[in-house]
Amino acid sequence: MEFLSAIEQLAPVRALRISFYAYPLVNAAHILSIGVLLTGVLLMDMRILGFLQAQPLQSFLHLMRRVALLAFGGAVLTGASLFSIRASEYVFNPAFQLKMLLIAFAGLNLLILHLTASDADGMPLAKRGARWFATFSILLWIGVLVCGRFIGFL
Amino acid sequence: MISPMRSSLAALSTIGFLAAFLAQAVAHHGWSWTEDGFFELEGTIAEIYVGNPHATLDIDVEAEVWRVDLAPPSRTIAAGFEEGTASVGDTITAIGHRSLDQNERRMKAVRIIVDGNTYDVYPGRVPSN
C-alpha cells in the first residue's frame with residue numbers, strides 16, 4: 001500500500017491525474033492497444049480452430065503473434081499509467097482484480113499451449129489440444145476486455 | 001473426450017455468469033444512476049481525490065462513509081476546488097443527486113460548501129434559489 005501511495009505521488013503521475021488532454025489520450029491509446037491485441041489474438045485463435053484456412057499457418061500465426069505481443073506491451077504501459085493515478089483505490093476494485101486474474105490465466109494458457117501442444121518452432125500442432133487452448137484464449141481475452149470496461153463503473 | 005464445441009458452451013455460460021455478476025454494478029457515469037430530486041449531505045471529509053476520470057470526496061456522516069462524485073478534475077479545479085482547498089476532517093455540505101440504489105451510500109454533487117465557501121462543480125445544474 002505504501003508503495004502504491006508512493007507511485008501516486010510521482011510528478012508525472014500527479015500531472016496525469018489532473019490533466020485535461022493527457023488522460024483521455026492515454027485512455028484512447030489503451031483502447032487502441034486492446035483493439036489491436038484482441039484482433040491479433042482472435043485471428044490467431046480462429047486460425048488454430050480451423051477457420052481462415054486460406055492463410056498459411058506458419059506466417060499468419062507469426063505475424064499475429066508479433067502484432068498481439070506488441071499490442072500487449074502497449075496495453076501494459078498505458079494501463080499502468082491509468083492505474084497509477086489512483087493505484088491504492090484501483091487495487092481493491094473487483095473488476096480490476098478479476099481482470100488481472102484473467103490476464104494471468106491467459107498467460108498460463110499460452111504457456112501450457114507452448115509446452116504441450118506445439119512443435120519445435122513454437123507452432124501449435126493441429127490437434128485437439130491446441131483447439132482447446134485457442135477456445136480458452138478467446139474467452140479469457142473477451143473476459144479481460146469486459147472486466148476492464150467495468151473498472152470505471154464500480 | 002469433451003468436444004471443443006461443448007467446452008465452448010461451458011466457457012460461454014461461465015462468461016454469462018460473470019456478466020450477470022458485473023451487471024449488478026451500477027454504472028456511475030453521467031446522471032442516469034441518480035435520482036431527479038436534489039439531495040443534501042452534511043458530514044466531515046474523510047478523503048479528497050481531485051483527479052481523473054472525476055474528482056471524489058468521501059464524507060463521514062454519523063460514522064457512515066458516503067462516496068460523493070464531483071466533476072472531472074479540470075471542471076472541479078475551475079470551480080475553485082483543488083486538492084489543498086479543504087482538509088480531511090473539515091465539515092462539508094454536498095448538494096446534488098443521490099444514487100437510485102438506496103442501499104448505496106453514494107451521490108453526485110453539483111455544489112459543495114466548505115468553510116463558508118461554495119464551489120459549483122456543475123454550475124449549470126445547481127438548484128435555482
Side-chain angles (χ1 to χ4, degrees), chain A residues 8-9 13-27 45 48-50 81-90 93-99 101-102 105 109 127-154, chain B residues 1-30 32-34 46-58 65 67 69-79 81-85 99 101 104 106 108 121:
Chain A
E8 291 170 355
Q9 294 311 315
V13 174
R14 293 169 68 101
L16 181 63
R17 184 178 308 132
I18 56 167
S19 66
F20 181 72
Y21 290 109
Y23 183 83
L25 289 175
V26 173
N27 213 326
D45 290 336
I48 294 171
L49 285 171
S81 304
L82 296 172
F83 174 77
S84 69
I85 62 163
R86 211 173 182 182
S88 52
E89 170 144 332
Y90 286 133
N93 184 301
F96 174 78
Q97 292 174 339
L98 190 56
K99 178 180 178 180
L101 190 70
L102 292 181
F105 279 144
N109 186 56
K127 59 179 190 182
R128 260 192 181 160
R131 288 190 196 161
W132 268 88
F133 294 113
T135 306
F136 282 133
S137 168
I138 290 173
L139 295 167
L140 283 168
W141 283 111
I142 289 173
V144 169
L145 179 81
V146 171
C147 285
R149 196 72 274 264
F150 266 95
I151 291 172
F153 296 84
L154 291 178
Chain B
M1 186 168 178
I2 307 166
S3 69
M5 174 70 93
R6 258 173 94 182
S7 72
S8 310
L9 283 174
L12 268 177
S13 49
T14 310
I15 293 271
F17 279 117
L18 182 80
F21 157 72
L22 288 170
Q24 292 189 342
V26 182
H28 288 123
H29 284 251
S32 62
W33 59 280
T34 62
E47 203 183 311
I48 303 168
Y49 174 76
V50 180
N52 282 301
H54 50 70
T56 64
L57 294 169
D58 286 350
V65 176
R67 169 56 61 94
D69 289 4
L70 306 175
S74 50
R75 288 182 75 163
T76 304
I77 292 168
F81 192 83
E82 295 177 43
E83 208 176 53
T85 304
S99 170
D101 181 356
E104 193 179 39
R106 190 158 189 156
K108 186 159 177 169
V121 295

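Below, chain A is the first sequence line, B the second, and so on; all start at residue 1.
- Using a 4.5 Å cut-off between heavy atoms, B:Glu82 does not touch chain A at all.
- The two residues B:Asn52 and A:Ile85 come nearest to each other via the heavy atoms O-CD1, 3.3 Å.
- Proximity to chain B (any heavy atom under 4.5 Å) is shown, for A:Ile138, by neither the backbone nor the side chain.
- Summarising the geometry of A:Arg86 relative to B:Thr56, their closest heavy-atom pair is NH2-OG1, 2.7 Å, with the distance given to 0.1 Å.
- Within 6.0 Å of atom CZ in A:Phe105, 12 or fewer heavy atoms from other residues, nucleotides or ligands are found, so the atom counts as exposed in its surroundings.
- Closest of all the heavy-atom pairs between B:Gly51 and A:Ile18 is CA-CG2, 4.5 Å.
- A distance of 4.0 Å separates CZ of B:Arg67 from CD of A:Glu89, quoted to the nearest 0.5 Å.
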